[in-house]
Amino acid sequence: MKPRVRIAPSPTGFLHVGVGRTALYNWLFARRHGGTFIVRSDDTDLERSSDEYAEDILEGLRWLGLDWDEGVEVGGPHEPYRQSLRLDRYREVAEGFLGEGKAYRCFCTPAELEKRREAAMAEGRPPGYDGRCRAIPAEEAAARTDPFSTRFAVPRPGETVFADLVRGEVRIDHGNIDDFVILRSDGSPTYQLASSVDDVDFEITHVVRGEDLLSSTPKHILIGEAMGGPPIAYAHLSLLFGPDGKKLSKRHGDTALRAYRERGILPEAMVNYLALLGWSPGEDETIVPRQVMQDRFDLGAVSRNPAIFDAAKLEWMNGVYIRNLEAADFLERTLPLVEEDLGRELDGAEVARLAGVAPLIQERARLLTEVPEQVRFLFVDEVPYDEASWNKVMKTEGVGEVIASALDRLTVLPEWTTAAIEETLRAMLEEKELSARKGLQPIRVAVSGSSVSPPLFESLESLGRTRTLARLAGVAARL
RNA sequence: GCCCCCAUCGUCCAGCGGUCUAGGACGCCGGCCUUUCAAGCCGGUAACACGGGUUCGAAUCCCGUUGGGGGCACCA
């Protein structure tokens, strides 16, 4: 049977990188086995849900290239794929349970429950529900008119044992699971109910999700069994943490996938990095093409260790992916960023100039967002001078002479090409007996505004003679 | 408090009883290259948490300790 897997995010926040990884593993598993990848929206919590978040999540999945076969937006045989549209179905299942004695009405009020929970904690007893309303005869309960929630009657004594695909056998004694609420007193379903019902109804075969849900898995299995659904295989992925070993947070490595996109991370690099955060293709490979992932992905080979999200490695990997881009592709992804940075569109000639220097930038960028700052000096009328660079390079002996000499030579240079520029400036170095460092850095700072820039001769050619001379002259006057 | 999960370099991953004086990648350090910065190349640093078993033989299996994480809601 072809596997059917799903990712079921709640639109209560921007797409989390951990959810992104879980989605990727689901997608890889589906693609590897010719299965179906489903995206559904667990939006029962209408208070905290928003369209903005819902859109961000789908956008993030698309950005990662995780196309889904069924679900939100694309539809499918089990529509709708939004829990908020299936409320009647959950109620129907819960009522069925009630009729079969698999669930019961609980008349305890939230205040009472809270008080008992505190008391239990204080006495060192388990804080879960004590099951007292289970003793109320069904007819008596049905006749009552005060508000009630619906609780699942967990079989006890009992034990749920399942073979987790990444963790192996997991057994949990029902003594550790209370009779959990499946329908709130307002008739709305809890996550436990809605999610489990959907998994059965959508014919999910494998649930691949975060380890945070490991301990509630028995509840989901129990509901599935009560519905008479076929057994579902589970795989629990370890969680992701920030560099300090604590939860991923704004301070330590962003939680939102979009933050990385905005920072200039390529989706290909993100996918590669995320895939390797808990999984290995087998050999000691680091740069792994998506096709290879699809061919080799195996849940059984997924690591049980929690993983720390290491932005430094991601950025290194991003640099590798940037360098591997086709020149035209790099230009295409870069142009909008440059234009945004400049606050205007580039004209045809300028685009051609950008294309000319792009390969030089591509070689040294780790993030797409570094590109605009590296080429900015080529497209503005005046460059601001970086103070540290100026102080370091322009205040030494003989700088004025270098600038003046370069100005002379470049003014009369017959043709404005990289080769010609290099030739005359090197001749200048020789004539003045200067090291390249001594003689060229002042020109670099004068023209680019910084001691760090793309290669000099190419930069001058791209800048053009007029601007180059103007900048040199400006600096000469300022010295 | 109770339940569950996890434990190899700072980080990610390899190792699934002998081939481990533990391998790869990032990072870090040093060198080469060099017009700056990168990139590239070369080299180095660095780990089997601890204690018991099992075994002729444990990083690999079992138990315990410690440490980390998750869960115990009318949140998802």
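Quick note on labels: first sequence line is chain A, next is B, and so on, each numbered from 1.
- Using a 4.0 Å heavy-atom criterion, one finds that Gly278(A) contacts the sugar-phosphate atoms exclusively.
- Two rings, from Tyr81(A) and Phe202(A), have their centers less than 6.0 Å apart.
- Considering only residues two or more places apart in sequence or on other chains, Tyr129(A) meets the ring pair (Phe, Tyr, Trp, His ring centres under 6.0 Å) condition with none of them.
- In this structure, Trp279(A) and Phe297(A) have tilted ring planes: the angle between them lies in the 30° to 60° band.
- Ser238(A) comes within contact range of no nucleotide atom at all, as no heavy-atom separation falls under 4.0 Å.
- No donor-acceptor pair closer than 3.5 Å links the side chain of Tyr234(A) to the backbone N or O of Leu165(A).
- The closest side-chain donor-acceptor pair between Asp43(A) and Gln83(A), if any, does not fall under 3.5 angstrom.
- In terms of modelled atom types and a separation under 3.5 Å, the side chain of Arg156(A) and the main chain of Ile177(A) share a donor-acceptor contact.
- The residue Ser185(A) sits close to a base: some heavy atom pair falls under 4.0 Å.
- By the side chain to side chain donor-acceptor pair (under 3.5 Å) test, Gln291(A) is found to be paired with Asp295(A), residues two or more places apart in sequence or in another chain being considered.
- Looking at Arg444(A) and Ser453(A), their side chains do bring a donor and an acceptor atom within 3.5 Å of each other.
- Within residues 265-274 of chain A, no residue approaches RNA chain B, by heavy-atom distance under 4.0 Å.
- Counting any heavy atom pair closer than 4.0 Å across all strands shown, Asp284(A) reaches a base atom.
- Every residue was checked against the side chain to side chain contact (heavy atoms under 4.5 Å, CB included) condition with Ala404(A), not counting sequence neighbours, and none meets it.
- Atom P of nucleotide U36(B) and atom CG of Asn391(A) are separated by 20 Å, given to the nearest angstrom.
- Gln192(A) comes within contact range of at least one nucleobase, with a heavy-atom separation under 4.0 Å.
- Leu113(A) comes within 4.0 angstrom of a base, heavy atoms only.
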For nucleotides 63-71 of chain B, which of its nitrogen or oxygen atoms have a protein nitrogen or oxygen under 3.5 Å away, and what is each distance?
none

Using the 3.5 Å cut-off, write out each protein N or O paired with an N or O of nucleotides 39-46 of chain B and the distance between them.
{"residue": "A39(B)", "atom": "O4'", "partner": "Glu363(A)", "partner atom": "O", "Å": "3.4"}
{"residue": "A39(B)", "atom": "O3'", "partner": "Arg323(A)", "partner atom": "NH1", "Å": "3.1"}
{"residue": "G40(B)", "atom": "OP1", "partner": "Arg323(A)", "partner atom": "NH1", "Å": "3.3"}

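- Here the CG atom belonging to Asp146(A) is positioned 11.0 Å from the CZ atom belonging to Arg105(A), to the nearest 0.5 angstrom.
- Centroid-to-centroid, the aromatic rings of Phe309(A) and Tyr260(A) come within less than 6.0 Å.
- Checked by atom type and distance alone, the side chain of Ser196(A) never pairs as donor or acceptor with a backbone atom of Ile223(A) at under 3.5 Å.
- Of the residues in residues 156-169 of chain A, Arg167(A) come within less than 4.0 Å of RNA chain B through at least one heavy atom, sorted by number.
- Not counting sequence neighbours, Thr12(A) has no partner by the side chain to side chain donor-acceptor pair (under 3.5 Å) test.
- Only the C1' atoms considered, G43(B) is 31 Å distant from U60(B), to the nearest whole Å.
- In this structure, Ile287(A) places its CD1 atom 10 Å from C1' of C26(B), rounding to the nearest Å.
- Using a 4.0 Å heavy-atom cutoff across all strands shown, Ser435(A) reaches no nucleic acid atom at all.
- Applying the 4.0 Å criterion to OP1 and OP2 of C4(B), one finds that Arg171(A) has every side-chain N and O outside that range.
- Using atom P as the reference point in both C9(B) and A46(B), the two lie 14 Å apart (nearest Å).
- Spacing between atom CD1 of Ile308(A) and atom P of C9(B) amounts to 11 Å, rounded to whole angstrom units.
- Arg437(A) pairs by the side chain to side chain donor-acceptor pair (under 3.5 Å) definition with nothing, not counting sequence neighbours.
- Nucleic acid contact for Ser280(A): sugar-phosphate only, since backbone atoms but no base atoms lie under 4.0 Å from a heavy atom of the residue.
- At a threshold of 4.0 angstrom between heavy atoms, the contacts of Pro454(A) include nucleobase atoms, whether or not backbone atoms are also involved.
- Taking only side-chain atoms of Pro455(A), from C-beta outward, the nucleotide of A76(B), U36(B), G24(B) with the closest atom is U36(B).
- Each salt bridge (Lys or Arg N to Asp or Glu O under 4.0 Å) pair with one or both residues in residues 208-217 of chain A, not counting sequence neighbours, appears once here: Arg167(A)-Glu211(A).
- Residue contacts shown for Cys106(A) are absent, as no nucleic acid heavy atom lies under 4.0 Å away.
- Residue Pro127(A) has its side chain nearest to A73(B) when only U35(B), A76(B), A73(B) are considered.
- Proximity of residues 440-451 of chain A to RNA chain B (heavy atom under 4.0 angstrom from any strand atom) is restricted to Leu440(A), Gln441(A), Arg444(A), Ser451(A).
- Applying the salt bridge (Lys or Arg N to Asp or Glu O under 4.0 Å) definition to pairs two or more places apart or across chains, those involving residues 397-407 of chain A are Glu401(A)-Lys432(A).
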